K.L.:
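I am attaching a structure below and will ask some questions about it afterwards.
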Amino acid sequence: MANRRITKAERERVDKILTLLDEYYTTEYKCYLNHETPWQLLIATILSAQCTDERVNLVTKDLFKKYKTLEDFAGADLKELEKDIHSTGFYHNKAKNIIECAKTLVTEYGGVVPKEIDKLTGLAGVGRKTANVIRGNIYHEPSIVVDTHVKRISGKLGFTKAEDPEKIEFELMDLLPKDHWILYNLQIIAHGRSICTARNPKCTECFLYDLCKWKGKS
DNA sequence: CTCCCGATAT
DNA sequence: ATATCAGGAG
């Protein structure tokens with residue numbers, strides 16, 4: 001069904017890459033954003049736009065002590081919330097979106113984070129990337145999260161030539177086995193942080209070098 | 001396409 | 001000084 005337009009050799013190359021990823025980044029890899037509830041992950045993911053997960057975890061550690069419920073966020077003071085999340089950047093938009101998002105969840109969804117992609121992306125501050133993080137990590141629905149790492153590395157590996165995140169998402173869905181969708185994102189982020197970094201990728205240390213299309217200078 | 005935007009590594 | 005970080009909205 002999947003991968004109809006792909007040659008046998010290319011299919012084998014992709015499968016070898018996936019096998020190696022499984023080997024180096026085991027299935028124990030899970031969500032990098034600390035959270036105890038679905039709505040906490042949603043807020044953490046909204047905060048993670050153009051911000052390291054490390055800093056988000058630093059901020060949410062105090063944030064979730066101060067705002068203990070969705071209702072707390074729905075009723076939060078904008079300026080105060082801006083201060084609370086300031087260090088994550090884009091704080092004005094993020095604070096406004098978090099309050100509006102929390103209000104919608106409380107008033108329209110009974111405080112439950114929906115699993116449908118349309119309902120999720122309908123929430124303030126929630127795009128496809130954030131929606132797929134929720135679908136994958138909370139509801140275990142096969143979904144591909146296209147973030148900056150997935151975009152960069154999938155391109156270098158030759159998995160896609162697309163630039164548009166949504167197009168990349170659908171091309172990867174066609175290329176990767178469904179049972180690997182959620183893990184792929186987590187593995188690629190791990191790889192993107194340790195080896196295939198945006199600035200000086202450590203190609204000489206990369207276990208995927210021989211299988212990589214890019215093979216950039218290290 | 002532009003704007004939002006602080007913190008960190010290089 | 002500049003690039004980059006689990007992007008999204010107008």
Side-chain angles (χ1 to χ4, degrees), chain A residues 21 25 29-35 38-63 78-105 113 117-139 141 143-156 159-160 162-170 172 181-203 216-218:
Chain A
L21 282 173
Y25 309 113
Y29 278 75
K30 57 178 178 59
C31 188
Y32 302 113
L33 296 170
N34 298 339
H35 65 281
W39 62 263
Q40 283 186 348
L41 178 59
L42 184 65
I43 289 174
T45 311
I46 290 173
L47 290 175
S48 74
Q50 296 295 299
C51 182
T52 60
D53 57 337
E54 191 180 354
R55 176 147 299 279
V56 172
N57 287 334
L58 215 58
V59 168
T60 53
K61 186 181 177 190
D62 294 327
L63 192 70
L78 178 60
K79 293 298 174 189
E80 193 173 337
L81 184 56
E82 285 181 0
K83 275 187 192 172
D84 295 330
I85 66 170
H86 180 271
S87 70
T88 66
F90 297 160
Y91 55 88
H92 186 68
N93 285 339
K94 286 176 181 177
K96 190 159 55 71
N97 286 334
I98 286 171
I99 291 173
E100 193 181 329
C101 177
K103 281 182 179 171
T104 305
L105 287 174
V113 179
I117 188 87
D118 294 347
K119 290 183 180 173
L120 284 166
T121 55
L123 297 166
V126 179
R128 289 196 71 87
K129 180 256 174 182
T130 301
N132 282 324
V133 166
I134 295 299
R135 288 168 57 74
N137 289 287
I138 301 298
Y139 296 111
E141 288 282 331
S143 26
I144 304 252
V145 174
V146 180
D147 54 50
T148 177
H149 292 297
V150 170
K151 180 178 177 181
R152 181 181 72 255
I153 297 175
S154 297
K156 286 184 173 176
F159 284 3
T160 176
E163 288 292 323
D164 175 48
E166 188 169 344
K167 200 168 179 183
I168 294 173
E169 183 186 329
F170 286 109
L172 288 177
W181 287 3
I182 298 173
L183 188 57
Y184 176 76
N185 165 70
L186 298 170
Q187 292 172 327
I188 291 298
I189 290 175
H191 194 57
R193 299 205 305 195
S194 59
I195 309 238
C196 196
T197 49
R199 265 184 284 190
N200 296 317
K202 306 180 177 81
C203 295
K217 66 278 178 190
S218 59

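Below, chain A is the first sequence line, B the second, and so on; all start at residue 1. Since we're looking at a predicted model, the values are computed, not measured.
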K.L.:
Side chain to side chain contact (heavy atoms under 4.5 Å, CB included) for A/Leu41 and A/Leu33? Distances and angles first, verdict last.
P.N.:
CA-CA 7 Å; A/Leu41 178 59; A/Leu33 296 170; 4.0 Å; yes
K.L.:
In residues 81-100 of chain A, which residues come under 4.0 Å of DNA chain C by heavy atom?
P.N.:
A/Phe90
K.L.:
For the pair A/Leu120 and A/Val113, evaluate side chain to side chain contact (heavy atoms under 4.5 Å, CB included) and give the outcome as yes or no after the intermediate values.
P.N.:
CA-CA 8 Å; A/Leu120 284 166; A/Val113 179; 3.8 Å; yes
K.L.:
Round to the nearest Å and state the distance from A/Lys151 atom NZ to C/dG8 atom C1'.
P.N.:
13 Å
K.L.:
Quickly work out the A/Arg193 CZ to B/dA9 P distance and round it to whole Å.
P.N.:
13 Å
K.L.:
Rounded to whole angstroms, how far apart are CD1 on A/Ile144 and P on C/dA6?
P.N.:
19 Å
K.L.:
Quick check on C/dG7: is either OP1 or OP2 less than 4.0 Å from any side-chain nitrogen or oxygen of A/Thr130?
P.N.:
no
K.L.:
Under 4.0 Å, heavy atoms only, any strand: does A/Ser48 hit a base, just the sugar-phosphate, or nothing?
P.N.:
sugar-phosphate
K.L.:
Give me the distances for all protein-to-nucleotides 1-3 of chain C N/O pairs that come in under 3.5 Å?
P.N.:
unit_1	atom_1	unit_2	atom_2	d
C/dA3	N3	A/Arg199	NH1	3.4

K.L.:
Do A/Ser48 and A/Lys129 get their side chains close enough for a donor-acceptor pair, meaning under 3.5 Å?
P.N.:
yes
K.L.:
A/Thr148: which residues meet the side-chain contact (heavy atoms from CB on, under 4.5 Å) condition with it, sequence neighbours left out?
P.N.:
A/Arg152
K.L.:
Starting at CG of A/Asn200 and ending at C1' of C/dC5, how long is that distance when rounded to a whole Å?
P.N.:
15 Å
K.L.:
For the P atoms, the ones on B/dC4 and on C/dA1, what distance do you get once it is rounded to whole angstrom?
P.N.:
22 Å
K.L.:
Checking the side chain of A/Asn185 only, and the main-chain atoms of A/His149 only, is there a donor and an acceptor separated by less than 3.5 Å?
P.N.:
no
K.L.:
Rounding to a whole Å, what distance do you find between A/Leu47:CG and B/dC5:P?
P.N.:
13 Å
K.L.:
Return no unless some side-chain N or O of A/Arg152 is found under 4.0 Å from OP1 or OP2 of C/dC5.
P.N.:
yes
K.L.:
Tell me the interatomic distance from A/Lys129, atom NZ, to C/dC5, atom P, rounded to whole angstroms.
P.N.:
12 Å
K.L.:
With a 6.0 Å cut-off (strictly less than), is the heavy-atom count around NZ of A/Lys103, excluding the residue itself, greater than 12?
P.N.:
no
K.L.:
Taking A/Lys167 for its side chain and A/Thr160 for its backbone only, find out whether a donor-acceptor pair lies under 3.5 Å.
P.N.:
no
K.L.:
Please list, by residue number, the residues of residues 49-60 of chain A whose heavy atoms come closer than 4.0 Å to an atom of DNA chain C; answer none if no residue qualifies.
P.N.:
A/Ala49, A/Gln50, A/Cys51, A/Thr52, A/Asp53
K.L.:
Which is true for A/Leu186 with a 4.0 Å heavy-atom rule: it touches a base, it touches only sugar-phosphate, or it touches nothing?
P.N.:
base
K.L.:
Keeping A/Glu141 on the side-chain end and A/Arg135 on the backbone end, is there a donor-acceptor pair under 3.5 Å?
P.N.:
no
K.L.:
Is the ring pair A/Tyr91/A/His86 parallel, tilted or perpendicular, if the boundaries are 30 and 60 degrees?
P.N.:
tilted
K.L.:
Calculate the interatomic distance between A/Asn185 atom CG and C/dG7 atom P; express it in whole Å.
P.N.:
10 Å
K.L.:
Just to verify, what does A/Lys61 make a salt bridge (charged side-chain N to carboxylate O under 4.0 Å, His left out) with, not counting sequence neighbours?
P.N.:
none
K.L.:
At 4.0 Å (heavy atoms only), tell me whether A/Val150 reaches a base, stays on the sugar-phosphate, or touches nothing.
P.N.:
nothing
K.L.:
Mind checking A/Leu123 for me? I need base, sugar-phosphate or nothing, with any heavy atom below 4.0 Å counting as a touch.
P.N.:
sugar-phosphate
K.L.:
Could you work out, with salt bridge (charged side-chain N to carboxylate O under 4.0 Å, His left out) as the rule, every residue matching A/Asp84, not counting sequence neighbours?
P.N.:
A/Lys66
K.L.:
Below 4.0 angstrom, N of the basic side chain to O of the carboxylate: do A/Lys151 and A/Glu163 qualify?
P.N.:
yes
K.L.:
What integer number of Å spans the C1' atoms of B/dC1 and C/dA6?
P.N.:
24 Å
